[in-house]
Amino acid sequence: MVDNNTVDNNTVDKKKFIVSHAPFWHDGSRISLRNYNIALAALPAILLGIIYYGIPAVGVISLSISSAIIWEFVFCRIAKRSNTIGDGSAAIIGMLFGMLLPAIAPWWLVIIGTFVAVIIGKQIYGGIGANPFNPVVVAIAILMISWKDIFDFNEALMNYDLDFVMVYPLAALKHFGVSAVDSFSMGDLLMGKQSGGIGSTFGLGLIAGGIYLIIRGIIRWEISLSFLAGIIITALIFNLTDPVRYAGPVIHLFAGYTLIGAFFLATEDSSSPVNFIPMLIYGAVAGFMTVLIRNIGVYIDGVIFAILIMNLVSPLLDKIRPKAIGKVA
Amino acid sequence: MREIIKMIVVLTVLSAFSGGLLAAVRGGTMEKIEYQQLVFVKGPAIRNILEGCSNDPIVDRFKIKDGDIERSFFVGVFDGKADTVTFESFGKGFGGDIGLMVGVNINDDKIIGMGVTTHSETPGIGSKAKTDPKFSNQFKGLSAVEPCKVKPDGGEIDAMSGATVTSKGVCVGVTEAGNIYKRLKPQIAEKMKEFK
Amino acid sequence: MAKTITQEFVKGLWDEIPPFRLVLGLCPTLAVTKSVENGLGMGVAVVFVLVCSNMLVSLLRNIIPSKVRIACFIIIIATFVIVVELVMQAYAYPLFLTLGIFIPLIVVNCIVLGRAEAFAYKNGVVRSIVDGFGMGIGFTISLTALGAVREVFGSGTFFGISVFGPSFQPFTFMIEAPGAFVCLGLMLCMMNLAGNK
Amino acid sequence: MGDYVLLAISCILVNNILLAQYLGCCPFLGTSKKMETAVGMGMAVIFVLVMAGAITWLIEAYLLKPFGLEYLRTIAFILVIASLVQFVEMFLKKSIPALYKGLGIFLPLITTNCAVMGVCLININEEYTFIQSLVTSFSYAAGFGLALVLFAGVRERILLARVPKPLEDTAIGLVTAGMLALAFFAFKGMA
Amino acid sequence: MIKRSFIGLSKPRLKYRSLEDTPSLKQIPTSKEVTLLSNCPFDKKKLLFKKKVAVKTGQKLLLYKESDEYVVSSVTGKVSSISSYTGDFGRSYTAIAIEVADDEEIDDEFKSAAGGSKDATLETVKNYLAFAPGNPPVKLLSDKDKPINTIVVCCADSDLLTTTNQYIIKSDIDAIKNGISILKTITGVNDIIMIASQSQMHEVSATGEKVNQVNDTYPSALPHLIMKDILGKVVPAGKSPEDIGVCFISAEAVASIGNAFNSGLIPATKIFTLVKKDGSKSLVSARIGTPASDIFKAFNITLNENDRIIFGGPMTGLSVYSEDHPVQPDTGAIIVQDKDDIPVISDYPCTNCGGCIRVCPANIQINLLVRFLEAGLYEEAADQYDLYSCIECGLCSYVCVSGMPIFQYIKSAKYELGRANTAEATNG
């Protein structure tokens, strides 16, 4: 982007210099760097998923990443736009999408899912930064209401015989009440000893990744923390009113998509607010909605729809903003 | 002034035309509509109750005046004998009235079947009253002249899990059906003779 | 530039096909297209109302005072809507049940009122009938097409007949409300791509 | 009281008139490009729908039903709504000009807003009592307004996005409305 | 260049450079030809003098008829060309090139007009010192429509890397004292506020004036932020400090005024920082109008294709087309950037990461503002998204992950809007 100002005859020089506008410094941050960091942060959770679920998990994750990239490539070709694979955002979408799937997800599901995420969720809105909803969340929500069985982790992962109880804690909670999840200790949950998506069960890994991203300033800590706070407080309130039916915060915090939602999904840049107070509201209400859906809604896990609802509200929330300097009235 | 009169005249004529046309269409289709409604709303329940009957119960129907209300009765012919009758009654459920059809054998006053026709209960919970045969089959063989109750209230019916209100509502409806039956039995018996 | 009768008919099929080109009458379009059959049924009902109301409006266009024309249109349209409602109840009750309140709601369907106001009130009887028929057929085609797409992907059937065989796991999203919106949006996109007017 | 609250929640969120019952799509797409028009339309619908709901209920209960004229419901309701809108418009213009300024341009659009007619018919079909009808009329309208405002918020955002040409405007609006409907699935089973 | 730190949670901390010791000053010998740039648009017909006119050092050259714009020659010689120079957004300037003669003659018009320090008047300052180093804001001080009641003397430098003010505080505090007393007399304003960084506090206090300390993090020394944080007065959006009676003047300009009356000569030497490609900095003194190429020659700097020359600081300066661009009275620094160090500007859209919102000192919703600016909707941007609240610090562009030229968008939007408004006003 060079200014096309004309140069006066007297001052024409043989050498051409780069002329652009201030500032002449940049802090060196790049979209691709951000995305590689997100991938790095997600790595521990994915690795543990692969260790537990083996080759099928590798298949799902790699198919998911590659098909997402291919969809992005195909779209850019068809729409005659410059290729945007390099920024890594399609890869991140594919990776997060794969992390949420059960290891036995069939190939066609992965491909449809990444199509929905990349094309419907992101590209038709004009690509990176313009999507009003988190593409991954949109894709998972659409697939979840279409193919419930595949997302029923209990049924889906029946064939696995690992060294822990293959039970999806939230499903057990929903169907049989709090007593059914007594057997889960916090340590087990943190170590991923529960059934669930490939990359969404290893609590410790996700927390570590999340903290890394927060420290690097890549995700907004306000959203993650207020999301978790919203979950804890709401779960606690429900738990206090009826401890037999409603589980306490521990299960809600470490089971299902909570942690991956807090650190990787709710924090997606373009679908979340950027001002301080809106970020807090966004996270807290998303947490509240999550527990509400889990406890009284029809879905087993509420993270996906809670985030989707808050994505929807986010443009309105962002209208709450500090007064600009010198703004009159 | 002329214009206003014209407007009024046009509107009136149009309305009259519309009213006339509609009344005519209404008159022409009324019978048919009633039959269709019976076939598609109550038909499935009736057929379910009168499973195996040899006639078309929707055609073989009669009406009896019960106070201000006119009630329809559908006759089921088994083995050449018209001795079963089904009719509608209502119970109060969680989300409003529950409409149900009850079939009674007029020889032994026993209920031969019950089916829910209309309801606005919670999908997946109360709505099982209509879809879950385990629940509705419990009513088979009960006496039509005795009140019907769920087990907690001292009756014989197992309430559906999580839908006690709906279960109770259905029982109230069945009891109400028994009352209607008791009240109108003489007339029913009289009419039934025509189908023999 | 006067159009020929054929042109009046054809425009409703492509150039001004509702609801794609004229973004009108979306509610029934979205609501009743869970299956081809419903879409077709709704389309036929609309054709009938559209043709009759266009005919009557154009017949009476010299008598109806312009100040109360909208009221007159509404009376005429509502009359035919009720006729459809009654006839459908009498002869196609299951369809009536699935289409539900969308049959009476034809009365507020912008297409019907729109054609009465924009075309029939200004044109002769034959033209108006042709226009109504064309628009109605166009509407029916749209509904049927949308219904077909949604039914084929959403339930794996076409007119209730299985298309992909038993191993197909239907993309249920398509027959849910969000699917209706997304599907219509994407079809609109296809239309825009196809007809670069 | 609790029943009414549940009914209201159900009408606003779970069975949102627009996103679950597909009623009122035309004004939904038409008036959602700007936040101000969305708010105006939402207010106008709430205003008219509550009145229409009450009046049509009374007409059904005291005019159509006693005389066995239920089959004339469609024509009766549409005429009532059309004249109500006219009347409201005239009344506002004369007595509350400020409100008229805000709602005025939206009022004529409401006649052909099938959400209004639809809710009146739903009230009758579901056999709601008068109070229930009022509650549902208000809540459905509020749900309509809520969806409209949320949609306008999102739409203002995507207005400036680099949307591909064939998808511009209505097409992308419809897809976004689909996402909106998807998000409202969150409330399933809550009332 | 300062890169983002590993821990990205906190805001980027761009520290102002602080001069610990008085560095040595490298004098650049007088060039063969100097160029004086005036903000006045070039208009051949109204020119008051022609080519070949002889000028003396310190001579005031009125440019156009019916205008009081002038430049002050920094050398003795002959005008070799008068031409138009096109700057940012196509604005036109007048460039006067002077061929330097061998012998230097000093013009004495100022000396006779001004007299000594005691005889200083606002009129003299206005008529002779607008082109002095530091660009004393003479117009603002003498504007009758906007009376000034407070004068803020900036002893800290407002952009990164520049150290001119600091150097002058260290080397020439007496000139500043003199300048301040002149300012007080000629304007009648007694409310003088000195703004100094922590390291300067001691030296600046010696002037005996009220001193306020400014934070050492960019952009706290920008006028709008000084107004808000130190003076406690918020400048309304779209206005400047002088609109509410505050006039900002740099220490350099104060020293220029002081020196001018002391010596009877309009100062013509400019002190600035030269930043070489490797980042090493030198303090340079050169005549106003010296072409940059002469300075590069003195420091053995060679420039290659696609490098960049920046006049001013890295955040608010201007990049130029030619090596011959002259040193101007307000040039605080000349920075040479190697082509490999130039950050890439992309046409990627905003990803809504919120980085700019975190750093914006003016609380502007930049993520939305920039969407409107990109689409060219300047009116909406101004009405709804606080375009005019921008204090032009450039931090948003500095942190932008997408590499959007946000700052440029804002400046051009303000320029376009301003032009549209003027057109409207003139058309009625």
Side-chain angles (χ1 to χ4, degrees), chain B residues 1-48 56-59 61 72 74 88 96 99 101 115-120 123-124 127 130-131, chain C residues 37-38 41 45 48-49 51-101 103-104 106-107 112-113 116-117 120-121 172 176-177:
Chain B
M1 197 57 204
R2 254 182 68 94
E3 207 183 341
I4 293 177
I5 291 173
K6 190 183 169 193
M7 282 200 280
I8 292 169
V9 169
V10 170
L11 277 178
T12 319
V13 170
L14 255 182
S15 310
F17 161 77
S18 151
L21 179 68
L22 292 180
V25 176
R26 164 81 174 161
T29 52
M30 201 151 76
E31 290 259 311
K32 191 84 182 150
I33 291 173
E34 199 180 342
Y35 176 74
Q36 291 271 351
Q37 275 174 347
L38 293 177
V39 171
F40 289 101
V41 179
K42 293 166 193 163
I46 296 171
R47 280 213 198 85
N48 215 355
D56 181 356
I58 313 233
V59 176
R61 63 178 196 267
S72 291
F74 305 90
E88 191 167 31
M101 294 301 284
V116 173
T117 51
T118 57
H119 69 89
S120 41
S127 70
K130 184 171 180 173
T131 49
Chain C
E37 201 186 340
N38 291 354
F48 174 76
V49 175
V51 170
C52 294
S53 68
N54 257 14
M55 181 186 73
L56 205 61
V57 166
S58 120
L59 269 178
L60 302 177
R61 71 178 195 276
N62 295 325
I63 309 168
I64 297 173
S66 66
K67 271 190 186 162
V68 287
R69 65 178 193 285
I70 300 289
C72 294
F73 297 162
I74 288 178
I75 293 177
I76 292 171
I77 294 166
T79 310
F80 289 113
V81 168
I82 297 176
V83 170
V84 168
E85 207 179 337
L86 291 173
V87 170
M88 200 174 255
Q89 278 188 65
Y91 297 99
Y93 199 76
L95 191 61
F96 174 79
L97 283 184
T98 43
L99 296 183
I101 64 169
I103 291 293
I106 295 176
V107 85
V112 184
L113 196 63
E117 162 82 10
Y121 195 60
T172 328
E176 303 272 8

Chain B to chain C donor-acceptor contacts, backbone plus side chain, under 3.5 Å:
{"residue": "B/Lys6", "atom": "NZ", "partner": "C/Ile63", "partner atom": "O", "Å": "3.4"}
{"residue": "B/Ser18", "atom": "OG", "partner": "C/Thr79", "partner atom": "OG1", "Å": "3.0"}
{"residue": "B/Gln36", "atom": "NE2", "partner": "C/Ala90", "partner atom": "O", "Å": "2.8"}

(request) First locate atom CG of B/Leu14, then atom CD1 of C/Ile63, and finally report the distance between them rounded to the nearest 0.5 Å. (result) 8.5 Å
(message) Can you list everything that forms a side-chain contact (heavy atoms from CB on, under 4.5 Å) with B/Ala23? Sequence neighbours excluded, please.
(response) D/Tyr71
(request) Check whether any side-chain heavy atom of B/Val10 sits under 4.5 Å from a side-chain heavy atom of C/Val68, and report yes or no. (result) no
(message) Please report the interatomic distance CZ(B/Phe17) to CG(C/Leu60), rounded to the nearest 0.5 Å.
(response) 8.0 Å
(message) Heavy-atom pairs under 4.5 Å with chain B - which of C/Ile82, C/Leu56, C/Leu97, C/Ile64 has more of them than the others?
(response) C/Ile82
(message) C/Val83: which residues meet the side-chain contact (heavy atoms from CB on, under 4.5 Å) condition with it, sequence neighbours left out?
(response) B/Leu21, B/Leu22, B/Val25, C/Phe48, C/Val87
(request) Applying ring pair (Phe, Tyr, Trp, His ring centres under 6.0 Å), name anything that partners B/Phe74, two or more places apart in sequence or on another chain. (result) none
